[in-house]
Amino acid sequence: MNWEKIVLLSESQYYILGMRPVFQPSALFSDETENFVTPMEPEPGDTVTIRFRAKRDNIDAVYLRIGDEALLMENDHVEGYFDYYKIEVKMGIRPLKYFFEVRVGRLTCYFDKLGPSKDIRNNYSFVLVPGFHTPDWAKGAVMYQIFVDRFYNGDKTNDVEDREYFYIGDATSKVTDWNKCPAYMGIREFYGGDIQGVMDKLDYLQDLGVDVIYFNPIFVSPSNHKYDIQDYDYIDPHYGKIVKDTGDLLAEGDCDNTHATRYITRVTDKANLEASNELFAKFVEEVHRRGMRVILDGVFNHCGSFNKWLDRERIYENQEGYEKGAYVDANSPYRSFFKFHDEHAWPYNKTYDGWWGHDTLPKMSYENSPKLHDYILRIARKWVSPPYNVDGWRLDVAADLGFSNEYNHQFWREFREAVKEANPDAIILAEHYGDPRSWLQGDQWDTVMNYDAFMEPLTWFFTGMEKHSDEYREDMLGNGLHFEWAMGHFMTSFLGPSLQVSMNELSNHDHSRFLTRTNHRVGRVANLGYEAAGENVNKAIMREAVVMQMTWPGAPTIYYGDEAGVCGFTDPDNRRTYPWGHEDKELIEFHKKMIRIHKDHPALMRGSVKIIESSHQFLCYGRFMGTERMLIAFNNSNESMTKDIRVHDIGIRSEDKMIQIMQTYADGFSDDMVCYDVNRGAVTLTLPPTSAMVLTAVK
């Protein structure tokens with residue numbers, strides 16, 4: 001054996017291998033956006049082009065893996081630092097699940113929704129569902145959530161009066177001081193906000209940059225939160241129009257609502273109900289004229305004890321035009337709507353199921369009542385159809401509906417079919433805690449209120465607080481690795497079109513205000529008091545969070561008053577009134593500018609996202625679409641940071657310039673443009689304490 005030749009050959013092989021660029025898995029990329037899937041929302045029978053990206057001249061081959069089948073992808077084109085590969089696949093009628101197999105010499109790795117992996121992870125496959133579409137108008141739309149009673153009182157003639165009726169232990173009260181904080185158990189106190197009030201403030205909302213108004217429930221209901229619906233067919237006249245106003249208020253000490261004749265007239269007389277619906281139709285028409293949309297809150301798991309189908313308060317018992325409620329009469333046409341446990345307790349049968357045991361929230365018994373099923377689907381169609389034409393539903397506690405998972409999924413399939421048939425451009429988004437994957441299969445919900453893949457990871461990183469302000473964890477504050485893991489893991493539950501319309505909130509009616517979370521106070525208003533919610537808050541952290549809200553995939557959703565500096569612990573303190581005349585004007589102006597940045601850049605509305613660096617108190621990610629490249633960075637610490645950020649992996653070249661279009665800092669913000677050079681694939685940024693930067697690349 002000629003050892004010299006063997007050594008020479010070995011040295012030659014090592015030299016040749018050394019010429020190959022080092023494999024760079026960070027450059028591998030694909031997702032379900034239109035950057036890499038065309039068409040992004042295919043129909044059955046469509047031919048779909050799927051693309052994959054790798055560093056130029058860095059891999060030998062890439063295969064599209066569909067189950068056990070490996071399909072070789074062809075080299076499509078070269079762009080900047082990257083080779084792009086493509087393959088065409090004909091869609092059938094079933095979801096297409098796929099991932100990528102990358103080969104580099106003897107090395108094989110896989111790429112799925114979580115990124116590169118040495119192992120196959122079928123649970124993280126990309127998924128295309130033929131025929132599944134989310135409304136284009138909702139992709140990246142700026143939404144604004146309004147808790148109507150606390151927004152603006154535009155019609156004082158429809159205000160709830162003192163002792164108008166009795167509910168959960170006390171009579172109603174009319175709040176005359178708009179700036180008063182909500183009482184701890186004040187579900188029966190009313191500030192007077194109404195639909196006319198929102199109409200009066202449409203100029204403000206339009207100027208802010210709002211695309212979509214999402215209302216908390218506005219149907220006839222006895223509470224100020226209205227998640228205890230009394231009549232799904234009508235807008236509450238206290239939010240709408242009262243044209244007939246006769247009858248008496250309750251006398252002092254009287255808790256019998258059959259004597260609440262003023263209330264009975266207001267909410268059962270068809271003149272008031274029809275006038276309220278007519279006002280709402282005009283409201284939606286005006287919103288649409290301005291190019292905006294409206295989403296209603298659908299509470300279909302349970303109703304309220306005042307509901308005309310149950311009528312525990314006997315509001316409807318003797319009213320003309322109404323059938324007897326199931327509580328009142330065993331022969332009620334609505335008896336099957338509820339589950340009663342004592343068949344011998346009529347009249348006035350109290351043995352019905354309540355949601356979570358609450359007798360004021362009767363659980364509706366769909367499985368036992370085809371009539372109820374059909375009625376609710378009629379309601380679903382009614383409000384997205386003329387003359388109301390609302391643009392979709394937000395579904396309250398949607399996973400709880402029914403008494404089994406099987407029925408729940410079947411109901412939402414039928415709900416989707418009914419809504420989309422009536423209004424194909426309507427959105428269906430659900431309140432859900434936990435993994436929504438089984439509902440986001442393209443045949444039920446469009447998307448969800450995004451807790452797991454937005455509100456929670458963002459809140460932990462920026463504040464170290466749990467979203468109710470019930471816990472503070474030092475180990476989670478500024479924990480960039482946890483943020484990256486949580487966002488990456490939970491985003492895999494979404495289909496691509498679902499993610500782009502997900503409701504990304506910092507606050508809402510169920511959790512503490514985000515600005516309050518910045519003070520790290522653990523507790524609720526009952527033990528901390530009202531003032532504590534606004535003490536030692538940090539607006540610099542709020543600005544960081546808003547930058548992320550306006551630059552992360554999804555539909556950024558502002559909870560009314562967040563933009564004006566409203567504070568508050570969790571429910572009910574988070575439902576303080578909008579501070580008209582006392583707004584934080586600088587914070588409003590900042591929201592306007594960030595909303596404008598969001599809308600001006602398609603990459604932020606519909607583009608891909610890639611995290612570039614996550615470390616202690618530091619995050620940096622890129623957004624890109626077509627030729628647009630954007631960089632967003634955060635320093636959440638109390639010290640300045642200088643970072644060399646590699647931007648090759650989001651397609652920014654060394655000859656490009658980076659233009660800063662937003663800089664926040666401890667005391668404010670600036671949208672003055674600042675230019676940065678890109679050197680050897682990196683840009684050097686110095687971030688002040690508690691700051692965020694938004695930059696865009698230019699050639």
A.B. asks: Between Arg521 and Glu535, does at least one N-O distance fall below 4.0 Å, as a salt bridge requires?
C.D. replies: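 A salt bridge links Arg521 with Glu535.
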A.B. asks: Got a salt bridge between Asp162 and Lys174, using NZ or NE/NH1/NH2 to carboxylate O under 4.0 Å?
C.D. replies: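 Here Asp162 does not pair with Lys174 in a salt bridge, since their nearest N and O are not under 4.0 Å apart.
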A.B. asks: Could you measure the distance from the CD atom of Glu414 to the CG atom of Asp443? Nearest 0.5 Å is fine.
C.D. replies: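 Rounded to the nearest 0.5 Å, the CD-CG separation comes to 11.5 Å.
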A.B. asks: Quick one: does any side-chain atom of Glu583 pair with a main-chain N or O of Ala564 as donor and acceptor, under 3.5 Å?
C.D. replies: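 No, Glu583 side chain to Ala564 backbone: no donor-acceptor pair under 3.5 Å.
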A.B. asks: Applying salt bridge (charged side-chain N to carboxylate O under 4.0 Å, His left out), can you list everything that pairs with Asp374, at least two apart in sequence or on another chain?
C.D. replies: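 Checked Asp374 against salt bridge (charged side-chain N to carboxylate O under 4.0 Å, His left out); zero matches.
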A.B. asks: Kindly assign one of parallel, tilted or perpendicular to the pair Tyr327 and Tyr352, based on the angle between their ring planes and the thresholds 30° and 60°.
C.D. replies: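 Perpendicular: the ring planes of Tyr327 and Tyr352 meet at over 60°.
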A.B. asks: Are the charged groups of Asp510 and Lys467 less than 4.0 angstrom apart, N to O?
C.D. replies: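 Salt bridge between Asp510 and Lys467, a charged N being under 4.0 Å from a carboxylate O: no.
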A.B. asks: Centres of the Tyr578 and Tyr560 rings: under 6.0 Å?
C.D. replies: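 Centroid separation for Tyr578 and Tyr560: 6.0 Å or greater.
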A.B. asks: Taking the six-membered ring of Tyr375 as reference, does the NZ or CZ atom of Arg378 fall below 6.0 Å from its centre and within a 45° cone about the axis?
C.D. replies: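 That pair qualifies as a cation-pi contact.
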A.B. asks: Using the benzene-type ring in the case of Trp, are the ring centres of Tyr530 and Tyr184 under 6.0 Å apart?
C.D. replies: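 Judged by ring-centre distance (under 6.0 Å), Tyr530 and Tyr184 do not meet the cut-off.
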A.B. asks: Can you name the residues that form a side-chain contact (heavy atoms from CB on, under 4.5 Å) with Ser276, not counting sequence neighbours?
C.D. replies: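 Expected list: Ile235, Pro237, Lys241.
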A.B. asks: Any side-chain to backbone donor/acceptor pair from Asn408 onto Ala398? Under 3.5 Å, distance only.
C.D. replies: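 Here the side-chain-to-backbone pair exists.
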A.B. asks: Look at Glu278 together with Lys282 and state whether they make a salt bridge at an N to O cut-off of under 4.0 Å.
C.D. replies: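 Looking at Glu278 and Lys282, the cut-off is met.
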A.B. asks: Run the ring-centre check on Trp356 versus His302 and record whether the distance is less than 6.0 Å.
C.D. replies: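 No, the ring centres sit 6.0 Å or more apart.
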A.B. asks: Would you please indicate if the ring centroids of Tyr232 and Trp383 are separated by under 6.0 Å?
C.D. replies: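 Between Tyr232 and Trp383, the centre distance exceeds or equals 6.0 Å.
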A.B. asks: Verify whether the ring centers belonging to Tyr451 and His432 lie closer than 6.0 Å.
C.D. replies: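 No, ring centres 6.0 Å or more apart.
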A.B. asks: Looking only at side chains, do Asp159 and Asn153 share a donor and an acceptor under 3.5 Å apart?
C.D. replies: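 Note: Asp159 and Asn153 side chains meet the donor-acceptor criterion.
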A.B. asks: Does NZ or CZ of Lys226 lie under 6.0 Å from the centre of the six-membered ring of Tyr239, at an angle within 45° of the ring axis?
C.D. replies: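 So Lys226 does make the cation-pi contact.
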A.B. asks: Would you name the heavy atoms of Met199 and Phe283 that are closest together and state the gap between them?
C.D. replies: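 The answer is CE-CA, 3.7 Å.
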A.B. asks: Could you tell me which non-hydrogen atom of Asp573 sits nearest to which non-hydrogen atom of Pro182, and how far apart they are?
C.D. replies: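 Answer, listing the atom of Asp573 first, then Pro182: OD1-CD, 4.4 Å.
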A.B. asks: What distance separates Asn158 CG from Asn272 CG, expressed to the nearest 0.5 Å?
C.D. replies: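 Rounded to the nearest 0.5 Å, the CG-CG separation comes out at 10.0 Å.
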A.B. asks: Going by the salt bridge (Lys or Arg N to Asp or Glu O under 4.0 Å) test, name the single residue among Asp245, Asp248, Asp236 that passes it with Arg266.
C.D. replies: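 Exactly one option meets the salt bridge (Lys or Arg N to Asp or Glu O under 4.0 Å) with Arg266, and it is Asp245.
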A.B. asks: Are His468 and Ser512 side-chain neighbours, meaning at least one heavy-atom pair lies under 4.5 Å?
C.D. replies: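 Side-chain contact under 4.5 Å: no.
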A.B. asks: What's the shortest heavy-atom distance between Val501 and Pro135, and which atoms?
C.D. replies: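 Smallest interatomic distance, heavy atoms only, reads CG1-O, 4.1 Å.
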A.B. asks: Do NZ/NE/NH1/NH2 and the carboxylate oxygens of Lys308 and Asp311 come within less than 4.0 Å?
C.D. replies: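 No, Lys308 and Asp311 are not salt-bridged.
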A.B. asks: Taking only residues two or more places apart in sequence or in another chain, which ones pass side-chain contact (heavy atoms from CB on, under 4.5 Å) with Glu343?
C.D. replies: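 With sequence neighbours excluded, Glu343 shows a side-chain contact (heavy atoms from CB on, under 4.5 Å) to Arg335, Phe340, Trp346, given in chain and number order.
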A.B. asks: If every non-hydrogen atom of His511 is compared with every non-hydrogen atom of Thr570, which pair is closest and at what distance?
C.D. replies: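 His511 and Thr570 have their closest heavy atoms at CA-OG1, 3.4 Å.
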A.B. asks: So, taking the atom named CD1 in Ile379 and the one named CD1 in Ile229, what distance separates them when rounded to the nearest 0.5 Å?
C.D. replies: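 Here the interatomic distance stands at 9.5 Å.
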A.B. asks: Keeping Trp393 on the side-chain end and Ala380 on the backbone end, is there a donor-acceptor pair under 3.5 Å?
C.D. replies: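 Such a contact is found between Trp393 side chain and Ala380 backbone.
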A.B. asks: For residues Tyr234 and Phe219, establish whether the separation of their ring centroids is below 6.0 Å.
C.D. replies: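 No; Phe219 has its ring centre 6.0 Å or more from that of Tyr234.
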A.B. asks: Whether the Glu317 and Tyr348 side chains hold a donor-acceptor pair (N or O, under 3.5 Å, no angle test) is what I'd like checked.
C.D. replies: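 Side-chain D/A pair, Glu317 to Tyr348: present.
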A.B. asks: Taking atom CD1 of Ile195 and atom CG of Leu279, what is their separation to the nearest 0.5 Å?
C.D. replies: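 Atom-to-atom, Ile195:CD1 and Leu279:CG are 7.0 Å apart.
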A.B. asks: Enumerate the residue pairs fulfilling salt bridge (charged side-chain N to carboxylate O under 4.0 Å, His left out) with a member in residues 185-198, sequence neighbours excluded, ordered by first and then second residue.
C.D. replies: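 Qualifying pairs, neighbours excluded: Lys180-Glu189.
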A.B. asks: For the residue pair Ser369 / Ser336, report whether a side-chain donor-acceptor contact shorter than 3.5 Å exists.
C.D. replies: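 Distance-only check passes for Ser336 and Ser369.
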A.B. asks: So, is the end of the Lys324 side chain (NZ or CZ) under 6.0 Å from the ring centre of Tyr316 and within 45° of the ring's axis?
C.D. replies: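 Here Lys324 fails the 6.0 Å and 45° test against Tyr316.
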A.B. asks: Holding to side-chain contact (heavy atoms from CB on, under 4.5 Å), I want the full list of residues that pass it with His225, two or more places apart in sequence or in another chain.
C.D. replies: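 Once residues adjacent in sequence are excluded, the partners of His225 under the side-chain contact (heavy atoms from CB on, under 4.5 Å) criterion are Phe147, Ile187, Ser223, Tyr227, Asp228, Arg575.
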A.B. asks: Rounded to the nearest 0.5 Å, what separation is found between the CG atom of Leu250 and the OG1 atom of Thr172?
C.D. replies: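 The CG atom of Leu250 sits 7.5 Å away from the OG1 atom of Thr172.
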A.B. asks: Can you give me the closest heavy-atom contact between Thr463 and Arg517, atom names plus distance?
C.D. replies: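 Closest heavy-atom pair between Thr463 and Arg517: CB-O, 3.7 Å.
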A.B. asks: Would you call Lys363-Asp353 a salt bridge at under 4.0 Å N-O?
C.D. replies: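 No, Lys363 and Asp353 are not salt-bridged.
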A.B. asks: Among all residues two or more places apart in sequence or in another chain, which pass the salt bridge (charged side-chain N to carboxylate O under 4.0 Å, His left out) test with Arg513?
C.D. replies: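 Result, salt bridge (charged side-chain N to carboxylate O under 4.0 Å, His left out) vs Arg513: Asp562.
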A.B. asks: I'd like to know whether the aromatic ring centres of Trp580 and Tyr204 sit less than 6.0 Å apart in this structure.
C.D. replies: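 Here the rings of Tyr204 and Trp580 have centres that are less than 6.0 Å from each other.
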A.B. asks: Salt bridge between Asp203 and Arg290, side-chain N to carboxylate O under 4.0 Å?
C.D. replies: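 Here Asp203 pairs with Arg290 in a salt bridge, since their nearest N and O are under 4.0 Å apart.
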A.B. asks: Do Asp269 and Lys244 sit within salt-bridge range, that is, some charged N less than 4.0 Å from a carboxylate O?
C.D. replies: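 The answer is yes: the pair qualifies as a salt bridge.
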A.B. asks: Using every non-hydrogen atom in the two residues, find where Ala426 and Asp446 come nearest and quote the distance to one decimal.
C.D. replies: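 So the two residues come closest at O-OD2, 3.8 Å.
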